[in-house]
Amino acid sequence: MTLKVEGDPGYGSASARAPFTDLDGSETVPLLIPEDQPQQYIWKPLSRDELEKCAGGPEWNKFRSRLILCFWIVWLIMLGTAIAIIIQSPREVSPSLHWWQKDVFYRLQPALFMVADSDEVSPISRVSERLQYLRSLGVGTVILDLEGFFRHDRSPANLTEIDQSLGTLPQFTQLIIESRKAGVRVMLDLCELDLFEQESDNDTKVWSGSSENIQYSLRYWLEYGVSGFGICDTDAAFSAKTLMEWNVLMLEFSSQDDERILMVRQTSNTLPALKVSNITVNGSLVELVTKSVIPPSHHLLSAAEVAEAMEASLQTPQEHWPSWTVGGRVPWELQRAILVLIMTLPGTPVIKYGDEVNPIQEQLNQPLALFQSLIQSRAREEALHFGRFTFLPFNDSMSSSGLNSTVTPPLAFLRSWGCVHFLVLFNLGSEPHTLDPDWAPSLPEGGVFVISTGLDRFGPVSLRSIKMQPHEAIVIKLFESDKSS
């Protein structure tokens with residue numbers, strides 16, 4: 001079958017002329033005119049002249065250098081002026097404190113650790129086991145109450161013969177050595193111990209005894225590292241002659257970093273007079289006098305009695321560095337407020353065994369939270385440690401709820417150091433109490449909660465709107481203000 005194709009007759013013919021041919025019939029390539037290619041930019045740094053031209057010329061460069069120089073000169077002048085103002089401005093210098101002014105004292109009685117069904121561990125050993133625990137709480141000094149500690153069949157008491165039911169002499173010396181390693185000082189409380197032999201002379205009781213034997217016993221314990229001794233103002237040892245003899249012994253074992261001291265526990269409103277001209281407290285003979293912020297009592301004190309005793313203590317001026325403890329029995333619901341009082345008063349706090357436990361927080365497995373918070377605040381804040389003390393009285397119109405004679409009045413005082421102020425408030429009554437907005441117009445209007453007995457107050461607070469709960473104590477750090485004292 002023949003395929004018929006129509007088309008250009010010259011297609012595929014050898015005689016047909018190629019589309020690009022010369023006149024003579026030879027093939028040629030068409031002439032292509034190239035287009036202009038864009039010039040590629042090559043980066044290179046500017047020269048010095050080009051830089052000066054961009055910056056405005058050499059004159060502008062000089063002006064800018066002088067401007068920078070003037071800025072730094074003015075800044076240095078301002079810095080020097082500020083430093084000079086700070087240096088020349090009056091400021092309070094932190095006092096140099098002795099260890100007995102820095103530490104929190106903790107009083108315990110080894111006889112309380114006797115367990116009837118345990119003969120393996122002695123009370124002295126149980127006290128040794130608590131040293132690290134006490135140090136972790138922030139306690140610096142332990143006062144061992146030695147009532148019933150020495151043999152009862154000896155009069156006067158021999159301070160190196162221990163009642164065997166409490167332990168042995170090597171165990172007690174080891175306790176003192178371990179306390180040093182734990183960073184806890186130990187003091188021996190000799191209050192109400194029969195150190196001197198009592199005789200009768202014409203129906204009058206007189207004290208006699210071998211001063212050499214007592215000196216030997218004191219020296220024995222000082223050599224093992226005891227930091228001092230405590231007596232009562234009713235003891236026979238509280239006499240000018242005895243204190244002077246004991247003080248010579250304290251000085252013999254004292255060093256600049258390790259002072260040995262004497263403490264006196266005051267049992268009445270004032271110390272008995274000593275017939276010597278150079279007897280001084282916080283000086284040559286007696287370093288600390290421990291006073292009861294709540295006087296000793298044989299019955300459980302009411303909230304009104306506690307408030308009255310507190311107010312009397314707060315209003316009594318202190319001539320020397322004091323030491324505070326609780327003497328009377330207070331209701332359990334006031335124990336937390338009394339702990340806040342002891343830890344925020346100026347002076348050295350003496351906490352009795354068991355007073356650090358918070359019965360309310362014990363239910364929440366935090367029985368020591370308040371005690372630890374108070375110790376940390378005292379160590380951190382200069383105003384709470386050695387700041388000035390100002391008692392803040394309330395007047396009859398202090399409360400917006402209207403106080404009457406049957407309501408326990410609140411108490412307050414201020415601790416200040418420099419421009420830092422802490423307000424400590426107490427409501428010992430059984431009713432809530434709202435402060436009058438005009439109660440203390442000289443104080444700043446605001447502050448921030450630091451501590452509360454319930455450990456449930458946080459953040460900023462206005463002094464014009466504080467409502468205190470029953471049996472509550474509050475510590476507030478006041479904001480700086482022109483009205484602050």
Side-chain angles (χ1 to χ4, degrees), residues 105-135 139 141-199 207-232 234-238 242 246 249-250 253 260-263 265 325 350-356:
F105 285 40
Y106 187 88
R107 178 187 298 277
L108 58 84
Q109 187 175 352
L112 297 177
F113 290 84
M114 295 184 65
V115 181
D117 57 350
S118 177
D119 297 331
E120 298 180 358
V121 182
S122 66
I124 294 178
S125 299
R126 295 180 185 276
V127 173
S128 298
E129 295 172 355
R130 295 178 65 88
L131 292 175
Q132 291 290 350
Y133 159 76
L134 293 175
R135 186 56 186 167
V139 173
T141 302
V142 171
I143 303 176
L144 295 180
D145 189 344
L146 301 183
E147 181 181 355
F149 191 78
F150 300 104
R151 292 181 57 177
H152 302 279
D153 57 347
R154 297 295 180 89
S155 180
N158 189 333
L159 299 183
T160 58
E161 293 186 10
I162 298 175
D163 190 334
Q164 295 299 312
S165 63
L166 299 177
T168 63
L169 185 61
Q171 289 177 338
F172 192 40
T173 55
Q174 185 64 27
L175 182 152
I176 298 174
I177 295 174
E178 292 297 328
S179 69
R180 284 283 181 170
K181 294 180 180 179
V184 179
R185 300 176 187 270
V186 172
M187 293 192 61
L188 304 184
D189 186 6
L190 309 179
C191 187
E192 299 181 357
L193 290 183
D194 185 13
L195 300 180
F196 296 85
E197 185 177 358
Q198 192 176 24
E199 299 178 349
W207 298 97
S208 65
S210 175
S211 177
E212 291 77 11
N213 291 338
I214 298 177
Q215 291 271 337
Y216 168 80
S217 299
L218 299 181
R219 182 181 295 272
Y220 177 86
W221 294 117
L222 289 172
E223 288 176 348
Y224 275 102
V226 168
S227 295
F229 303 94
I231 60 174
C232 285
T234 55
D235 293 343
F238 188 73
T242 304
W246 288 18
L249 195 59
M250 300 298 110
F253 285 88
R260 311 300 175 93
I261 68 170
L262 290 175
M263 289 182 62
R265 193 193 312 175
T325 190
V350 179
I351 307 300
K352 293 190 299 184
Y353 171 69
D355 288 350
E356 78 281 9

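Along the sequence shown, residues are numbered consecutively beginning with 1.
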* **For Arg130, all residues meeting salt bridge (Lys or Arg N to Asp or Glu O under 4.0 Å), sequence neighbours excluded** => none
* Asked: Of the options Ile351, Leu144, Asp145, which is the one that meets Leu108 in a side chain to side chain contact (heavy atoms under 4.5 Å, CB included)?
  -> Leu144
Atom of [X], atom of [Y] and distance for their closest heavy-atom approach:
X: Arg265; Y: Cys191; value: NH2-CB, 3.7 Å
X: Gly167; Y: Ile162; value: O-CG2, 3.9 Å
X: Gln215; Y: Trp246; value: NE2-CD1, 3.8 Å
X: Pro123; Y: Pro110; value: CB-O, 3.2 Å

* Could you give me the CA-CA distance, side-chain angles and deciding distance for Ile231 and Leu262, then say whether side-chain contact (heavy atoms from CB on, under 4.5 Å) is met? => CA-CA 8 Å; Ile231 60 174; Leu262 290 175; over 6 Å; no
* Qualifying residues under side-chain contact (heavy atoms from CB on, under 4.5 Å), relative to Ser128, sequence neighbours excluded ->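 Ser128 satisfies side-chain contact (heavy atoms from CB on, under 4.5 Å) with Leu175 only.
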Do [X] and [Y] have side-chain heavy atoms sitting under 4.5 Å apart?
X: Val350; Y: Ile143; value: yes
X: Thr168; Y: Gln164; value: yes
X: Thr141; Y: Val184; value: no
X: Met250; Y: Ser227; value: no
X: Ile176; Y: Val226; value: yes
X: Ile177; Y: Arg180; value: no
X: Leu218; Y: Leu159; value: yes
X: Arg107; Y: Asp189; value: yes

Residues which pass side chain to side chain donor-acceptor pair (under 3.5 Å) with [X], listed by chain and number, not counting sequence neighbours:
X: Thr234; value: none
X: Thr325; value: none
X: Gln174; value: Glu178
X: Ser179; value: none

* State whether the side chain of Glu356 and the backbone N or O of Gly354 hold a donor-acceptor pair below 3.5 Å, judged by distance alone. =>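 Confirmed, Glu356 side chain pairs with Gly354 backbone.
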* Polar side-chain atom of Thr242 near backbone of Phe238 as donor-acceptor pair, under 3.5 Å ->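 Flag not set: sc Thr242 to bb Phe238 has no pair under 3.5 Å.
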* Answer yes if the ring centres of Phe172 and Phe149 are under 6.0 angstrom apart, and no otherwise. => yes
* **Tyr220, OH atom: more than 12 neighbouring heavy atoms under 6.0 Å** => yes
* To do: Sorted by first residue and then second, give each salt bridge (Lys or Arg N to Asp or Glu O under 4.0 Å) pair with at least one member in residues 165-175; sequence neighbours left out.
  =>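 Qualifying pairs: none.
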* **Pairs flagged by salt bridge (Lys or Arg N to Asp or Glu O under 4.0 Å) wherever residues 213-226 is involved - sequence neighbours left out** => Arg219-Glu252
Among all residues two or more places apart in sequence or in another chain, which pass the ring pair (Phe, Tyr, Trp, His ring centres under 6.0 Å) test with [X]?
X: Phe105; answer: none
X: Tyr216; answer: none
X: Tyr353; answer: Phe113

* **From Asp235 atom CG to Leu190 atom CG, the distance as rounded to the nearest 0.5 Å** => 8.5 Å
* Can Leu222 and Arg260 be said to form a side-chain contact (heavy atoms from CB on, under 4.5 Å), step by step? -> CA-CA 8 Å; Leu222 289 172; Arg260 311 300 175 93; 3.6 Å; yes
